[in-house]
Amino acid sequence: MLDLKLIRENVDLVRQAIKNKNEKADIDAILELDDKKRKAQFEFDNLKAEQNRVSKEIGTLKKEKKDASSLLNEMQNMAADIKDLSTNLSNINTALEIAMLTIPNIPHESVIIGKSEDNNIIVREWGKKREFDFEPKEHTELAEQNNLLDIIRGAKISGSGFPVYNSQGALLERALINFMLDFHIKKHGYREVMVPLIVNRETMTGTGQLPKLENDMYHINEDDFFLIPTAEVPVTNLFSNEIMPYNKLPQKLVAYTPCFRREAGSYGKDTKGLQRLHQFNKVEMVRFVHPDESWEVLEEMCNDAEEILQALKLPYHVLSLCTGDMSFASAKTYDLMVWAPGAQKYLEVSSVSNFTDFQARRASIRFRDTDGKVRFVHTLNGSGLATPRTFIAILENYQNEDGTITVPDVLVPYMHGLQVISVED
RNA sequence: GGAGAGGUGGCCGAGCCGGCUGAAGGCGCACGCCUGCUAAGCGUGUGUAGGCUAAUCCCCUACCGAGGGUUCGAAUCCCUCCCUCUCCGCCA
């Protein structure tokens with residue numbers, strides 16, 4: 001959510017931001033509602049003040065055993081008027097709030113203006129693509145040969161996009177999660193949290209998934225609950241409706257959770273194997289920082305995510321997303337794309353974003369600054385990392401000619417010392 | 001799931017036979033005084049949001065879990081919902 005004052009005073013800026021983000025939002029309607037609201041509020045306040053004053057008089061009169069009936073009669077009408085004004089005011093407020101939720105965050109000035117992912121720019125590359133002296137296989141084939149995944153049975157018990165990890169595949173998946181968690185905790189100083197995977201509507205609205213993406217969420221009707229699409233949702237909302245004392249900032253949290261996404265509208269796209277799933281595992285970093293620090297922290301977080309790929313020795317590049325490809329709530333986003341030599345393409349394994357005060361406003365996450373003033377924090381989050389495509393990249397980059405897979409050094413301790421993944425009976 | 005208790009300011013805790021309570025008292029915190037240092041003591045201040053304003057002064061409005069109702073007037077009465085705690089039952 002944006003600051004209404006900012007919208008009022010920078011209409012053109014906001015209009016341009018909406019356009020650059022390929023979003024639709026009716027600024028004029030908001031300005032009109034805002035105007036109406038202030039007028040309605042003024043009327044209400046004045047009448048209410050009058051009522052409060054007279055009501056006190058009535059109280060005094062009654063205490064002195066004097067007659068107050070004429071005032072009482074008068075006040076009945078006023079009470080009715082106030083009720084009308086109050087209804088009117090809350091209607092306007094509701095409409096305004098709903099409208100405000102449809103306005104996206106404003107991209108940072110450093111973000112390239114562009115329509116689609118084609119306009120994203122590579123800001124840096126890391127690692128060397130391995131030279132193969134044989135034809136590298138795709139992860140699906142490698143997984144099959146080593147009995148790491150069971151896509152078919154996953155589809156049988158749930159549906160497509162719900163993979164089953166088998167034996168050493170399950171071990172590798174678990175190793176990845178634990179390795180990443182430990183790495184961020186020990187090396188980068190994050191604090192681990194384990195959070196609910198099911199959240200309520202308010203929480204889902206706080207981080208900006210709702211109302212826009214309702215169709216992408218798994219929804220539990222009876223309770224109006226949602227399955228989380230990312231740990232960002234529960235973790236960021238941990239401090240919703242709170243005012244943190246100054247010394248509570250910054251907060252660096254990391255959480256592993258499964259993530260659930262309906263992926264509505266993306267049928268037929270990247271469906272092979274683990275590329276696009278309805279349920280997947282992800283380690284997520286979330287930060288709450290002082291507004292003055294968020295841009296610096298964005299770079300730091302991106303680096304935190306990159307270090308995982310570096311430790312795994314997987315070649316990647318970093319994209320700075322253009323305005324049109326960024327999410328609704330983000331002011332700036334970097335995507336980490338890992339190289340998959342079997343598929344011969346880069347796969348997104350992490351998305352690191354600065355949401356500035358956008359989520360903080362929605363969820364009301366504030367802090368008391370050193371000068372005593374209450375301000376909104378800035379929130380950031382980044383995958384560190386999503387496992388499925390990391391899994392793919394490991395299989396494809398570390399495959400041997402015979403189809404076995406060498407375990408990356410850093411994962412060996414997490415694989416009970418196993419150094420090579422090979423067929424198991 | 002059954003029975004009971006309860007949700008008030010950063011915290012504890014009054015108020016709850018309706019009005020002078022945005023809210024006593026205490027703790028904490030901030031500033032000042034005092035003090036050889038520390039402790040104690042004294043004084044003042046200390047919620048959020050909106051409006052007004054040059055203003056973080058004053059003044060007005062809203063908020064005592066959330067929403068609705070009764071009333072001239074509700075933290076206080078009524079209804080619905082949510083949550084917490086205790087006991088019982090059930091269960092990973």
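Bear in mind that the values here come from a model prediction, so they are computed numbers and not experimental data. Lettering follows sequence order; numbering is per chain, from 1.
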I need the NZ-P distance between A:Lys62 and B:rG19, as an integer number of Å. 13 Å
For atom P, what is the distance between B:rG6 and B:rA49, given to the nearest Å? 33 Å
Ring centre gap for A:His108 and A:Trp295 strictly below 6.0 Å: yes
Nearest-Å distance for atom pair CD/P, residues A:Gln51 and B:rC72: 10 Å
If I pick the P atom on B:rU38 and the same atom on B:rG47, what distance separates them, to the nearest angstrom? 29 Å
Between B:rG36 and B:rU21, how many Å separate the two C1' atoms, rounded to a whole number? 46 Å
Would you list the pairs meeting salt bridge (charged side-chain N to carboxylate O under 4.0 Å, His left out) in which at least one residue belongs to residues 352-366 of chain A, sequence neighbours left out? A:Asp3-A:Arg361, A:Asp357-A:Arg361
What is the separation between atom CG on A:Asp224 and atom C1' on B:rC83, rounded to the nearest whole Å? 17 Å
Contacts of A:Gly59 and A:Arg38 projected onto RNA chain B by closest heavy atom; the upstream (5') one is A:Gly59
Got a minute to check which stems RNA chain B is part of, using Watson-Crick or G-U wobble pairs under 3.5 Å, three or more consecutive? B:1-7 with B:82-88, B:10-12 with B:25-27, B:28-33 with B:41-46, B:47-51 with B:59-63, B:65-69 with B:77-81
In whole angstrom, give me the gap between the P atoms of B:rC11 and B:rA66. 14 Å
Quick check, are the ring centers of A:Phe376 and A:Phe367 under 6.0 angstrom apart? no
Just jot down the side chain to side chain donor-acceptor pair (under 3.5 Å) partners of A:Asn200, sequence neighbours excluded, or say none. A:Thr203
C1' atoms of B:rG15 and B:rA23, separation to the nearest Å: 8 Å
Mind checking what makes salt bridge (charged side-chain N to carboxylate O under 4.0 Å, His left out) contact with A:Arg174, not counting sequence neighbours? none
When rounded to whole Å, the CD1 to P distance for the pair A:Ile243 and B:rG9 reads 12 Å
Sequence-distant partners of A:Asn119, side chain to side chain contact (heavy atoms under 4.5 Å, CB included), two or more places apart: A:Lys115, A:Ser116, A:Cys322
Taking only residues two or more places apart in sequence or in another chain, which ones pass side chain to side chain donor-acceptor pair (under 3.5 Å) with A:Glu57? none
Once side chain to side chain donor-acceptor pair (under 3.5 Å) is applied, do any residues pair with A:Gln419, and if so which ones, sequence neighbours excluded? none
Considering only the P atoms, how many Å lie between B:rC79 and B:rC85, rounded to the nearest integer? 25 Å
Among residues at least two apart in sequence or on other chains, which ones pass ring pair (Phe, Tyr, Trp, His ring centres under 6.0 Å) with A:Phe358? A:Phe328
In whole angstroms, how far is the P atom of B:rG47 from the CE atom of A:Met244? 21 Å
Counting only side-chain N and O atoms of A:Arg366, is one of them less than 4.0 Å from OP1 or OP2 of B:rA49? yes
If you assign each of A:Ile58 and A:Val374 to its closest nucleotide in RNA chain B, which residue comes earlier from the 5' end? A:Val374
Show me the protein contacts with nucleotides 61-65 of chain B, counting only N or O atoms at under 3.5 Å.
from   : atom 1 : to      : atom 2 : distance (Å)
B:rU61 : OP1    : A:Asn52 : ND2    : 2.9
B:rU61 : O2'    : A:Asp45 : OD1    : 2.9

Would you measure the distance from the C1' atom in B:rG51 across to the matching atom in B:rU44 and give it in whole Å? 28 Å
What's the CZ-P distance between A:Phe367 and B:rG47, to the nearest Å? 19 Å
Check the pair A:Ser110 / A:Lys332 against side chain to side chain donor-acceptor pair (under 3.5 Å), numbers first and verdict last. CA-CA 8 Å; A:Ser110 67; A:Lys332 183 168 185 172; 2.7 Å; yes
Whole-Å distance between B:rC83 C1' and A:Asn200 CG? 12 Å
Within residues 72-85 of chain A, which residues have any heavy atom lying less than 4.0 Å from an atom of RNA chain B? A:Leu72, A:Met75, A:Gln76, A:Ala79, A:Lys83
Only counting residues at least two apart or in another chain, list the ones meeting ring pair (Phe, Tyr, Trp, His ring centres under 6.0 Å) with A:Phe239. A:Phe288
B:rA55 versus B:rA74 - spacing of their P atoms, nearest Å: 32 Å
What donor-acceptor contacts under 3.5 angstrom involve side-chain atoms of residues 245-255 of chain A, with partners at least two apart or in another chain?
from     : atom 1 : to       : atom 2 : distance (Å)
A:Gln251 : OE1    : A:Arg191 : NH2    : 3.1
A:Gln251 : NE2    : A:Lys248 : O      : 3.1
A:Lys252 : NZ     : A:His188 : O      : 2.4

Just how far, in rounded Å, is P of B:rG9 from CZ of A:Arg368? 14 Å
Separation of A:Lys186 NZ from A:Leu181 CG (nearest 0.5 Å): 10.5 Å
For A:Lys373, report the nucleic acid contact type (base, sugar-phosphate, nothing); a contact means any heavy atom under 4.0 Å. nothing
Categorize A:Leu71 for me: base, sugar-phosphate, or nothing, with a 4.0 angstrom heavy-atom threshold over every strand shown. nothing
